[in-house]
Chemist: 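Below you will find the structure I want to go over with you.
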There are 2 protein chains.
Amino acid sequence: MEEKEISQAVISRLPRYFRYLGELKERGIERISSQELSDIMKVTASQIRQDFNNFGGFGQQGYGYNVEYLYDEISKILGIDQMHQLIIIGVGNLGQALTNYTNFNRRGFVFKGAFDCNPELYGMKIRGVEVRPTEEIENFVRTNNIDIAVLTIPKDQAVPMAQRLVDCGIKAIWNFAHVDLDVPENVQVENVHLSDSLMKLSYNITRYEKKHGRTGNGKTGS
Amino acid sequence: MEEKEISQAVISRLPRYFRYLGELKERGIERISSQELSDIMKVTASQIRQDFNNFGGFGQQGYGYNVEYLYDEISKILGIDQMHQLIIIGVGNLGQALTNYTNFNRRGFVFKGAFDCNPELYGMKIRGVEVRPTEEIENFVRTNNIDIAVLTIPKDQAVPMAQRLVDCGIKAIWNFAHVDLDVPENVQVENVHLSDSLMKLSYNITRYEKKHGRTGNGKTGS
DNA sequence: AAAGTTATGTGAAATTAATGTCAAATCATA
DNA sequence: TATGATTTGACATTAATTTCACATAACTTT
């Protein structure tokens, strides 16, 4: 039985549905129609129904969707009903920030190890986890069943590091390095390219100003 | 004369082109064809040509594209030939990490101020910039011509803060809070929802394992 | 300067995604 | 249990995006 592939466009929308459903659940709301959700989330009701239907019928005609049930189903689809063990590679500012972001913990992402190539950091503790030398990564990943490696190291180091992670059987890489990683299809990669995001913002500022006749600050001017 | 609107799908690809062109430029490569770029970037040559053509003809038949010229043109399109003054609101781990990320500086994003509501942090210096109380934001934005506010505060604080920023004339918000901001169309918002990104990764791990018959770690198990 | 090659720009075709529509199922109510 | 209101799920339609294909322009070489 062949499962039909769901487009990444749909997947990208699921976390947002999940977030809104979580809020509704928190507020004690038991049921919701696609139309109501449409009003709140500012997407068409049709898209909401279509999106949910990719995974089977979660709703009931004449009633709508049960908030808690839908929430749980989406969490299963996203795989966050499962535990994920993760390690951070690169204990710089960003690495530490992510480590300290406790919300991930609540969603079943368990921070198991931290690695850096700077000897001065060895032994330092972040959220109870000791920073270790990067040489120990392979062994650690294998013995601790690590699923996800968070890459917060400079881009030139990221490429060989990704290869090492692939070789020792990592399942996924959450990549914050500003480089594209080339990995086999059994390893999942999710890129967070912050500067790309900032450039998009810059584009939209510029576009708006062009359209409305305001000017920006020339780089040489003042 | 009406400029035709460029789709966000195209805009999202520009930073990646920009990055690859920057690398080519660094390596001293002067010209490149859409086919060569296609091989390197793993997108179709057709898409590359189509994308660039949205902004006018940057290439030359029989020759290809001049790397440096194309690089400069894209930087203009993205608006990163202009200076952008920015402030950070929320000097937690993530806020500090972003502040210390020097690459933004190189691209014309100038870190001008830092704000927090925790009095213990007032006066602390990050990259030479003093942390100030959030009450001072409005005045600071107005007198220092701030374009972009980086929001790294909890989501419940983010919504009223966004309103304050809108009211004092900010041009754009780079939003790291896990909430959707509702702002008028003259204010640009770019969201970085890290947990959405992590959920997408989780989905892809789960999908791969389902397809290939491996199992994850049950949340209750181990 | 002519011939052959290369590679863009563009319009058309194909694919993918989003939206609109409605029959059928369920709910609420009397 | 019948009636009317509600709302999904499926399908049809429309829109957007990507790919294809080729005429045309510029380059390169002799």
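Below, chain A is the first sequence line, B the second, and so on; all start at residue 1. Only this structure's heavy atoms are used, side chains among them; waters, hydrogens and symmetry mates stay out.
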Chemist: Can you build the contact string for nucleotides 10-18 of chain D? Use B for base contact, S for sugar-phosphate-only contact, and - for no protein heavy atom under 4.0 Å.
Modeler: SB-----SB

Chemist: Any Lys/Arg nitrogen of Lys76(A) or Asp81(A) sitting under 4.0 Å from an Asp/Glu carboxylate oxygen of the other?
Modeler: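 Salt bridge: no.
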
Chemist: Under a 3.5 Å distance rule, please check whether Asn54(B) uses its side chain to pair with a backbone N or O of Gln50(B) as donor and acceptor.
Modeler: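 Looks like yes, one N/O pair under 3.5 Å.
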
Chemist: Does some side-chain heavy atom of Met83(A) sit less than 4.5 Å from a side-chain heavy atom of Val110(A)?
Modeler: yes

Chemist: Only counting residues at least two apart or in another chain, list the ones meeting ring-ring contact (aromatic ring centres under 6.0 Å, His included) with Phe111(B).
Modeler: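 In terms of ring-ring contact (aromatic ring centres under 6.0 Å, His included), with neighbours along the sequence ignored, Phe111(B) is linked to no residue.
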
Chemist: Using a 4.0 Å cut-off on heavy atoms, which residues in residues 56-71 of chain B reach DNA chain C? List them by number, or say none.
Modeler: Gly57(B), Phe58(B), Gly59(B), Gln60(B), Gln61(B), Gly62(B), Tyr63(B), Gly64(B), Tyr65(B)

Chemist: Between Tyr17(A) and Phe52(A) (judged by ring centroids, cut-off 6.0 Å), do the two rings come close enough to count as a pair?
Modeler: yes

Chemist: List the residues meeting salt bridge (charged side-chain N to carboxylate O under 4.0 Å, His left out) with Arg13(A), not counting sequence neighbours, and say none if there are none.
Modeler: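 By the salt bridge (charged side-chain N to carboxylate O under 4.0 Å, His left out) rule, Arg13(A) matches Asp51(A).
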
Chemist: Classify the angle between the aromatic ring planes of Tyr208(B) and His212(B) as parallel (below 30°), tilted (30 to 60°) or perpendicular (above 60°).
Modeler: parallel

Chemist: Looking at Lys25(A) and Glu30(A), is there a salt bridge between them, counting it only when a charged N and a carboxylate O are closer than 4.0 Å?
Modeler: no

Chemist: Parallel under 30°, tilted from 30 to 60°, perpendicular over 60°: which one fits the rings of Phe55(A) and Phe58(A)?
Modeler: parallel

Chemist: When you check the gap from the basic side-chain N to the acidic O, do Asp180(B) and Arg19(A) get nearer than 4.0 Å?
Modeler: yes

Chemist: Looking at Gln47(A) and Thr44(A), would you say the former's side chain and the latter's main chain have a donor-acceptor pair under 3.5 Å?
Modeler: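 Such a contact is absent between Gln47(A) side chain and Thr44(A) backbone.
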
Chemist: Which ones in residues 25-37 of chain A lie close to DNA chain D, meaning a heavy atom under 4.0 Å from one of its atoms?
Modeler: Ser33(A), Ser34(A)

Chemist: Angle between the end axes of the helix from dA1(C)-dT30(D) to dA30(C)-dT1(D), five pairs per end, to the nearest 10 degrees?
Modeler: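 The end axes of the helix from dA1(C)-dT30(D) to dA30(C)-dT1(D) are about 30° apart, to the nearest 10°.
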
Chemist: Taking the side chain as C-beta and beyond, is there a heavy-atom pair between Phe115(A) and Ile88(A) under 4.5 Å?
Modeler: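 The answer is no; the side chains never approach within 4.5 Å.
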
